[in-house]
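Note on naming: letters A, B, ... go to the chains in the order of the sequence lines (proteins, then strands), and numbering restarts at 1 for each one. As a basis for the values below, the full set of heavy atoms in this structure was taken, side chains included, without hydrogen atoms, waters or symmetry mates.
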Amino acid sequence: MNQLGGVIAALLVAGCAPADRSPKFRTTGATTPRDGGTLRFAVKDQVPTLDPTIANDENALYVLHPLFDTLIDFAPNDLEIVPRLAERWSVSPDGLLYTFELRPGITFSDGVPITAAHFKYSLERALRTADSPFNEYLRDIEGAHDVMAGSAATCLGITTPRERELKVKLAQVNPALLGILTMSFATPQRAEYVRAAGDQLRRQPDATGPFMLERWDEGERVVLKRNPHYFDPSRAHLDKIEMLENVASDAQFQMFERAELDAAEKLAVPDYLFVMTEPAWQPYVHRSTVMNSVGSRMNVRVKPFDDRRVRQALNYALDKRHTQRLLNGTTVPAHGILPPGMFGRDPDLEPYPHDVVKARALLAEAGYPGGVDVDYVTTNDDETQKVAESLQSDLAEVGVRIHLTVMSYATWITAIGKPSGPPFSFMTWAADFPDPSAFLDPLFHSQRDRDGSSNNSFYANPALDALLDAARQEPDRGRREALYRRAEQILHDDAPWIWDYHRETTEVIQPYVGGYKPHPIWERDYTSAWLDVGADGAPVAR
Amino acid sequence: MIGMIGAIARRIGWMIAVAWLVVTLTFLATTAIPADPARALLGPHATEETIERVRVHYCLDRGIVAQYGCWLDHVVRGDLGESYRSKRAVTAIIADRIWPTAQLALAALVLQLLIGVPLGIVAALRRGRWPDHAVTLFGLLGQSVPAFVVGTVLLHVFAYRWGWFPIGGYGAGGWDRLAHLVLPAMTLATLDIVYYARVVRSELVDVLGEDYVRTARAKGLPEHVVIGRHALRNALGPFITLAGLDLGVLLGGAVVTEFIFAWPGLGREALQAILEIDIPLILGVVLVSAIAIAVANLLVDLVALWVDPRLRDR
Amino acid sequence: MVGAVLVAALVTVAVLAPVLSAKDPLACDVEHGLSALGVPLPPSGDAVLGTDQLGRDVWARVVAGAGTSLSIAALATLIALVIGLSIGLLAGYAGNAIDNALMRLVDLFLAFPFLLLAILLAALFRQADLASSNAPVFLTLGAVGWMTMARMIRGKTAVLARSEMIMAARAIGASPGQIVVRHILPNVAGTVIVVTALGFAQNLLAESVLSYLGLGPPPPAPTWGRMLYEGRTYFRIAPHLVLVPGAAILLAVIGFNLLGEGLRDAADAKVQR
C-alpha cells in the first residue's frame with residue numbers, strides 16, 4: 001500500500017511540475033547528407049485523391065511533389081525555373097511556341113522509359129477530364145478548347161515531333177505557362193496505366209519522381225518510399241516520408257514535442273507563441289509568406305458599395321494593426337491583392353492608414369452621414385471569425401453596423417459567387433502559380449465576371465481590363481511589371497476589397513532534420529530532406 | 001410461435017421502411033442547402049464552364065426528383081455512389097470506417113458496465129451513506145460535463161502530460177490498438193455510466209428487501225451468492241434495453257470524441273461530409289447509421305420479448 | 001433542493017446582467033485587452049475574470065451569456081415540450097391507429113443519429129434569413145429533443161385514458177378536449193415538469209456541443225457554448241477562457257439536473273403513497 005502511495009505521489013509530482021519543453025535532440029554537426037530513415041509529419045485534414053490530374057488541395061500537394069516530376073521545376077529556394085525531366089527548353093521570339101528537350105534515361109517508377117508522348121497524353125487528359133481544376137490553365141494552347149468541349153480527341157497545339165521532343169503551341173501569349181507546367185498535373189502519364197487502374201487510379205499513382213507510394217491508409221496516413229529508378233539519386237536521401245492525416249494542430253505539436261513527428265506547421269496560438277519565445281527552438285523555426293491575400297470583398301454593383309467613397313471609407317475604418325495583433329503578429333498589412341515577393345507588386349504603395357475622421361467624412365459625402373447597416377458573411381474558421389468580429393468593432397466606430405453570418409466553406413463559396421448573393425463578405429485568394437495574372441485576372445477582370453464567379457466583386461473597369469490584357473501578352477519583363485504596377489494603383493484607389501493582410505506560415509522542425517526549408521510554392525516539400533542522426537540511425541540526445 | 005415470427009417480420013419490415021424514410025428525408029435536407037457541391041469541390045479558381053461540366057457529371061444540374069433517381073439508380077445496382085470529394089466508392093469509405101466506430105462503441109459499453117455495475121452495487125449496499133452519495137455525485141458530474149471537455153482534459157493529462165497513452169490516432173492492432181482505444185472510450189463512457197449504476201442500484205435495493213433474500217441470509221448463504229443469483233438477474237431486463245439503445249446511439253457516430261482523438265470512425269466522416277455537402281457520402285453514412293440504430297432497437301425488443309413474455313401480445 | 005437554489009441563482013444573474021457588470025460584453029478592445037502578441041489577459045484588478053481573445057471582458061460576457069444561453073435552452077425546451085406534449089397526448093388518448101402512426105413517427109426521428117440530425121438541421125436552418133440570429137440553434141435542438149417527452153407523455157396518457165375516472169367522464173358526455181384538459185393534463189403535469197427540467201439541462205449541453213463543432217450561435221453572441229468554442233485553442237495559455245464558461249455550464253446543468261431529479265423523487269414518493 002505504501003509503495004502504491006509512493007508511485008502515485010511520484011506521478012502527481014511529475015504531472016504537476018512544469019515540463020521541460022526544449023528540444024530533446026540536437027544535430028550531429030554533419031555537413032554532408034546522410035541517407036536513410038523516415039521523416040514523419042502530419043496534416044489537419046485528409047487527402048481526397050492522389051490522381052495528379054485532379055488533386056488540388058494543399059495536403060495532397062505535400063506528397064504530390066515528391067511523387068511526380070514535371071518538365072521543369074522551381075529551384076529549391078526561390079522562384080527560378082530549373083530543368084527537371086526536360087533537359088533544356090526554348091521559347092520562340094513571338095512567345096507562342098515552346099520547345100522542350102527531354103533528358104535521356106528518365107523512367108516511370110517501374111523502369112519504363114518516359115517519352116514526349118506521355119506528356120502529351122497527360123496534358124490532354126487534364127483537358128478532357130471534367131473535374132480537373134487545371135484545364136483552365138491550359139486554355140491558351142491551340143486546340144485546347146476543342147478537347148475541353150469534347151469535339152476533339154487530341155490537342156492540336158501539343159506535338160511530339162521526336163521521341164524526346166515536346167512542342168507546345170499557344171493561340172495567344174501566356175508568360176505564365178512555364179509556371180503552370182511545373183504543377184503536378186503536367187507529369188507524364190501512361191494511357192495503358194490509367195485505363196488499367198480504372199477507379200483505383202486515385203490510390204495507385206504512377207510515380208515519376210524521387211519517391212513512390214508505399215501505402216495509403218485513407219484518412220490515416222500516406223507513406224512514400226524512395227524510387228530506386230529515379231535518374232538523380234542525389235536528390236533524395238530519405239528512405240520514407242510519412243504523412244499522418246486528420247491530426248488536429250494542437251495534437252500535432254504535442255506529438256512533435258515528444259519527437260513522434262519531425263515537423264509541425266499551422267501551430268495553434270499557444271504553441272506558436274511558445275516556439276517564438278523559447279530560445280532553444282528559435283534556430284528551427286521557419287517563417288514564410290505564402291502567396292495569398294486576405295480581406296473583405298464587396299459587390300460593387302450593390303448599394304452602398306457601388307459608391308467608391310464608401311469602399312474607401314471602409315478601408316480607412318479598418319485598423320490593420322488590430323488584425324495583426326489578433327493573429328499574433330503573423331501577418332503583413334496589405335495594400336492590394338499582390339503579396340510581398342510577387343512580381344508586379346508596387347513596393348512603394350502604402351496600405352490605407354487607419355483614419356476614422358476621413359472615413360466618416362467620406363461616408364457623409366457619399367450620402368450616409370448617419371452610417372449604414374449591412375450584412376457580412378464569413379466562414380466557419382476560428383481565425384476568420386475572430387477577424388470578422390474585430391472588423392465589426394472597427395466599422396461600428398464610423399457608423400457602419402455589421403450583422404454577422406457564419407457559413408461553412410461550401411456554402412460561402414457558392415453564395416458569394418452569385419450576383420444576388422451576399423454583397424459583403426470575407427474573401428481570401430491564393431494563387432496556384434506565382435504570376436500576377438493568377439491573382440488579378442480571375443478576381444478583377446470583367447471577362448471573368450461573365451465566365452464564372454471568381455470575380456465576385458463584379459468589378460468591371462475597362463481601363464483595368466486593358467492593362468491586364470496587355471500585361472498578359474507582354475514579353476518584356478520590365479514593361480510587364482510597369483503595367484501591373486499601374487493596375488495595382490487603380491485597384492488600390494477603387495477599393496473593390498477592404499485590403500487587410502497577407503498571411504505568414506510558421507513551421508518548426510526537429511534539430512535533426514537537415515536540408516529543408518519551406519518552399520515558396522511547394523511549402524512542405526521534404527523531397528531533399530535528410531535526417532541528421534547518429535550512426536545507429538537514432539537522433540542524438542541533447 | 002407463429003405470432004412471434006409475425007411480430008419479428010413486421011418489425012423488420014418497419015425497420016427497412018424507417019431506414020428508407022430517414023435517408024430520403026436527409027436527401028431532401030441536403031438539396032435544400034443552397035451550397036453547390038461542384039463549386040465547393042473545384043474551389044474558387046474554377047470557371048463556370050468547368051463547374052457546369054462537373055454538375056452534369058454528378059446529376060446536379062437536374063431537378064430534385066431526377067437527382068434522387070440518380071442516387072436510387074446506384075443503390076439498386078448495389079453501390080452507394082462516389083464521394084464527390086475523393087471519388088472513392090462510398091461503400092468502401094463506410095466499410096473502412098465502420099469497424100473503428102464499432103470498436104469504440106463496444107469499448108465504451110464495456111467500460112460503462114465495468115465501472116457502472118460495481119458502482120451501483122456499492123451504492124446499493126451502502127445505501128444512504130456516503131458511498132451512495134459519492135456515486136450519485138460522480139454520476140451527476142459525468143452527465144453534466146460536455147464530452148469535448150472530458151476528452152480534451154483526458155488527452156491533455158493522460159496522453160500529453162503523463163504520456164500513459166498515445167495522443168490520438170487509431171493504432172496498429174493488438175495491444176497498440178487497445179492503448180489508443182482507452183481514452184476515447186473513457187470519454188464516451190463518462191456520460192452514461194450513471195444510468196447503469198442507477199439501474200443496478202435500484203434493482204438491488206428492491207431485491208435486497210425481498211423475502212427470499214432474507215431467507216437466504218438467515219440460512220447463512222454468503223452475500224455475494226445472494227446478490228449474484230437473484231438481484232442481478234432481475235436487473236438484466238432493463239440492462240439489455242439500456243445497452244441496446246446505447247449501442248445504437250454510439251454507433252450513430254461519436255462525432256466529437258472521434259474528432260478530438262483523430263479516431264477514423266463514421267462520426268467524423270459524417271461531419272466532414274455534411275460540411276462539404278458531399279451528398280452521396282452523407283446519404284451513405286445516414287443510411288448505415290439508421291440501419292444500425294434500427295437493428296439495435298430490434299434486437300433489444302426481441303430480447304425483451306424473450307425475457308418478459310407478458311409483452312408478447314400487443 | 002440544491003438544484004432549485006442553483007437555478008434560481010442563474011436566472012437572477014441572467015436578469016440582472018446589465019447591472020452586474022459595467023463593461024459591454026460586445027466591446028472589442030484589441031489594443032488594451034490583449035498582450036502585445038495577442039494573448040488574452042489573465043484575471044486582474046481591471047478585469048475580474050480576465051479578457052478573451054478579442055479583449056472583451058470575460059465577466060461581462062459570462063454574465064450576459066447567462067441570459068442568452070438560458071434563453072436558447074429555454075426556447076429549445078419549449079419547442080420540444082409543445083411538440084412532444086401534443087403528440088404524446090394525442091397518441092395516448094386516441095389509441096389504436098393514431099397511436100401506432102404517431103409512435104412510428106417517433107421511431108423515425110429516433111432512428112436519426114442525433115448529432116447528424118442536429119448538424120444537418122443546423123446547416124439547413126442557417127440558410128434562411130434566420131442565419132445571423134440564434135434561431136437555427138434552438139429550432140434544431142427543439143426538433144431533435146421532443147421524442148423523449150412524447151414517449152413519456154403517451155405512456156402516462158394511455159394508462160390514464162383507460163382509468164375509471166375517464167370512463168366516467170366520457171359517460172357523462174364530456175368532450176375529449178375537456179377530458180384532456182381537466183383530467184389528463186393535471187396528472188401528467190408531474191412527468192412533464194421532470195422531463196422539462198432534465199431536457200433543459202440536455203439542451204444547455206447540446207448547445208455547447210453544437211458550438212464546439214462550429215454550428216452554434218453566430219458571433220458575437222456571448223453564449224457559454226460559444227465562449228468555450230472561441231476559447232478552446234487558447235486553453236494552454238489562457239485557461240480562464242475555457243474554465244469560466246465551462247464552470248458556468250457545469251453549474252447550470254447540474255442545477256437543472258438536480259432540480260429534475262428532485263422533482264422526480266418527489267413525484268415518485270407521491271405515487272407510492
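Proximity to chain B (any heavy atom under 4.5 Å) is restricted, for A/Ala430, to the backbone atoms N, CA, C and O. Both the backbone and the side chain of A/Glu218 come within contact range of chain B, judged by heavy atoms closer than 4.5 Å. Within the 4.5 angstrom heavy-atom criterion, only backbone atoms of B/Ala159 (N, CA, C, O) approach chain A. Only the side chain of A/Arg203 has a heavy atom closer than 4.5 Å to any heavy atom of chain B. In this structure, the portion of A/Asn56 lying under 4.5 Å from any heavy atom of chain B is its side chain and not its backbone. Proximity to chain B (any heavy atom under 4.5 Å) is restricted, for A/Ala431, to the backbone atoms N, CA, C and O. A/Tyr137 touches chain B through its side chain: at least one heavy atom from C-beta onward sits under 4.5 Å away, while N, CA, C and O do not. Using a 4.5 Å cut-off between heavy atoms, A/Trp429 touches chain B through its side chain atoms alone. For A/Ala251, the parts lying near chain B are the backbone and the side chain together; criterion is any non-hydrogen pair under 4.5 Å. With a 4.5 Å cut-off on non-hydrogen atoms, B/Gln272 touches chain A through its side chain but not through its backbone. Interface residue B/Glu269: only side-chain heavy atoms are found under 4.5 Å from chain A. Residue A/Glu257 touches chain B through its side chain alone, counting heavy-atom pairs closer than 4.5 Å. Contact of A/Asp432 with chain B is made through backbone and side chain together, with heavy-atom distances under 4.5 Å. When heavy atoms are compared at a cutoff of 4.5 Å, A/Thr428 does not approach chain B at all.
Of the N and O atoms on the side chains of A/Ser408 and A/Thr411, at least one donor lies less than 3.5 Å from an acceptor on the other residue. The closest side-chain donor-acceptor pair between A/Gln385 and A/Thr378, if any, does not fall under 3.5 angstrom.
The candidate with the highest count of non-hydrogen atom pairs below 4.5 Å against chain B, out of A/Val247, A/Asn135, A/Thr49, is A/Asn135. Ranked by heavy-atom pairs shorter than 4.5 Å toward chain B, the options A/Ala55, A/Pro48, A/Ala410, A/Ser132 are led by A/Pro48. Each of B/Val54, B/Ile167, B/Ile260 has some count of heavy-atom pairs under 4.5 Å with chain A, and the biggest count is that of B/Ile167.
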Carefully, step by step, assess A/Arg40 and A/Glu260 under the rule salt bridge (Lys or Arg N to Asp or Glu O under 4.0 Å).
CA-CA 8 Å; A/Arg40 307 147 301 170; A/Glu260 291 168 22; over 6 Å; no

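Between B/Tyr170 and B/Trp263, the gap from one ring centroid to the other is short of 6.0 Å. Residues A/Phe41 and A/Phe256 keep their aromatic ring centres 6.0 Å or farther apart.
Salt bridge status for B/Arg88 with B/Glu82: absent, with no side-chain N to carboxylate O gap under 4.0 Å. In summary, B/Arg85 and B/Asp278 do not engage in a salt bridge, as defined by a charged side-chain N under 4.0 Å from a carboxylate O. A salt bridge links A/Glu58 and A/Lys266; the closest N-O separation between the charged side-chain nitrogens and carboxylate oxygens is under 4.0 Å. Taking the charged nitrogens against the carboxylate oxygens, A/Glu245 and A/Arg221 have no contact shorter than 4.0 Å, which rules out a salt bridge. At a threshold of 4.0 Å, the pair A/Asp51-A/Arg125 counts as salt-bridged, since one of the basic side-chain nitrogens sits closer than that to a carboxylate oxygen.
Residues B/Gly284 and B/Val90 come closest through the heavy atom pair CA-CG1, 4.1 Å.
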